[in-house]
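Below: one structure, written as structure tokens.
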Amino acid sequence: MLVSTEAIKLISLASYMVAVGLTLSACASGPLPDGPIAWDGAGRDPNLPEVHKRRRHVAAVSPKQDQTAEEDALLASLEPRSAEWFAAQRKIDADRDKRLAAKLIICRGCSVSTTKAEPSQVTAGSTESRLSALR
């Protein structure tokens, strides 16, 4: 079996290219340097620490009954505009406000005082002192 000189040249050229490719791939897969890396602005800055996103696990919860419908049914069962109706309405409004406040928490690290100032305790002097502190 006779091999032509062109086939020998192609085989040697292919083996040379494979050797060069393997050598260059070893350079690209080396360890990262210890110091800062030059960043070209494209993509994420490699000098920033890695951010691990937390996965939220949703517990299997049975579907809640609509509390609003239950509350409305309670109001419908009472005589409209009676003393019991007004008491139930105030209780329902307070419960709905609590549920809404629990849903609207923006910063869990910030705490809101549980006691509110009575309107009689708020004076114009306290407002003036707060405004002067801001200036």
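In this text, all values refer to a predicted model and were calculated from it rather than measured experimentally.
Hydrophobic cluster membership for Leu100: Leu104 (Ile, Leu, Val, Met, Phe, Trp, Tyr linked by side-chain heavy atoms under 4.5 Å, directly or transitively).
By the salt bridge (Lys or Arg N to Asp or Glu O under 4.0 Å) test, Asp95 pairs with Lys91, sequence neighbours left out. Residues satisfying the salt bridge (Lys or Arg N to Asp or Glu O under 4.0 Å) criterion with Arg96, sequence neighbours excluded, are Glu71, Asp72.
Cluster annotation: Met17 and Val20 are assigned to the same hydrophobic cluster (Ile/Leu/Val/Met/Phe/Trp/Tyr, side-chain heavy-atom contacts under 4.5 Å, transitive).
Of the inter-residue distances, the one linking Gln67 atom CD with Ile92 atom CD1 reads 10.5 Å to the nearest 0.5 angstrom. Separating the CZ atom in Arg81 from the CD atom in Gln89 is a distance of 8.0 Å, to the nearest 0.5 Å. One finds the CG atom of Leu13 at 13.5 Å from the CD1 atom of Ile8 (value rounded to the nearest 0.5 Å). Rounding to the nearest 0.5 angstrom, the gap separating the OG atom in Ser82 from the CD atom in Glu84 is 4.5 Å.
For the pair Glu79 and Trp85, the minimum side-chain heavy-atom distance is 4.5 Å or more. Between Glu70 and Leu75 the shortest side-chain heavy-atom distance does not fall below 4.5 Å.
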